[in-house]
Amino acid sequence: MTTANSPHNPQSTVDLGAQYITRTPHYAKKHQSFYDELLVHGILKPLTSPIEGMVMKEGDCNFVAPQGVSSIIKHYLKESG
């Protein structure tokens with residue numbers, strides 16, 4: 001997963017490798033604290049618009065990273081010191 005910036009407009013970004021992150025009920029049980037932390041810090045936000053071709057399963061929840069998916073890794077690197 002990586003986030004690329006436009007050479008013409010640094011505010012314009014695109015995620016390569018992952019447009020959104022799906023939390024399944026299984027992962028919610030195991031990793032809820034990670035999702036909560038990322039939501040509190042604004043790293044993740046709930047996906048509110050459908051994406052063409054997305055398959056939704058009961059209990060799944062999808063998230064996007066407004067500053068790019070790479071912001072997840074940057075957050076944890078910063079937290080680790």
Side-chain angles (χ1 to χ4, degrees):
M1 298 184 294
T2 188
T3 304
N5 293 0
S6 165
H8 306 291
N9 180 355
Q11 298 298 95
S12 180
T13 63
V14 64
D15 282 322
L16 305 172
Q19 293 177 304
Y20 59 93
I21 294 171
T22 301
R23 181 188 67 199
T24 64
H26 173 74
Y27 280 106
K29 288 179 191 175
K30 292 178 75 173
H31 306 293
Q32 188 60 47
S33 63
F34 291 107
Y35 292 103
D36 291 343
E37 178 180 351
L38 295 171
L39 287 163
V40 165
H41 286 92
I43 308 295
L44 289 181
K45 292 192 176 190
L47 176 63
T48 57
S49 299
I51 294 177
E52 187 175 336
M54 180 175 14
V55 176
M56 288 293 299
K57 296 180 182 174
E58 188 176 335
D60 286 358
C61 186
N62 294 304
F63 301 95
V64 293
Q67 292 98 26
V69 176
S70 63
S71 64
I72 298 168
I73 286 73
K74 291 175 185 175
H75 170 76
Y76 285 115
L77 286 172
K78 182 179 174 186
E79 290 293 308
S80 72

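Only this structure's heavy atoms are used, side chains among them; waters, hydrogens and symmetry mates stay out.
Annotation: the span from M54 atom CE to T22 atom OG1 amounts to 7.5 Å, rounded to 0.5 Å. In this structure, NE2 in H26 is found 12.5 Å from CG in D60, a value given to the nearest 0.5 Å. With rounding to the nearest 0.5 Å, the separation of OG1 in T13 from CD in Q67 is 9.0 Å.
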Taking only distance into account, with no hydrogens and no angle test, what donor-acceptor pairs under 3.5 Å do side-chain atoms of residues 31-53 form with protein atoms, sequence neighbours excluded?
{"unit_1": "Q32", "atom_1": "NE2", "unit_2": "D36", "atom_2": "OD1", "d": "2.8"}
{"unit_1": "E37", "atom_1": "OE2", "unit_2": "H75", "atom_2": "NE2", "d": "2.8"}
{"unit_1": "H41", "atom_1": "ND1", "unit_2": "E37", "atom_2": "O", "d": "2.9"}

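In this structure T24 satisfies the side-chain hydrogen bond (donor to acceptor under 3.5 Å, both in side chains) test with no other residue, sequence neighbours excluded.
If you chain together hydrophobic residues whose side chains sit under 4.5 Å apart, F63 and M56 never meet in one group.
For OH of Y20, the number of neighbouring non-hydrogen atoms (other residues, nucleotides, ligands) closer than 6.0 Å is greater than 12.
The minimum heavy-atom distance between A65 and S71, with the atom names listed, is CB-OG, 4.0 Å.
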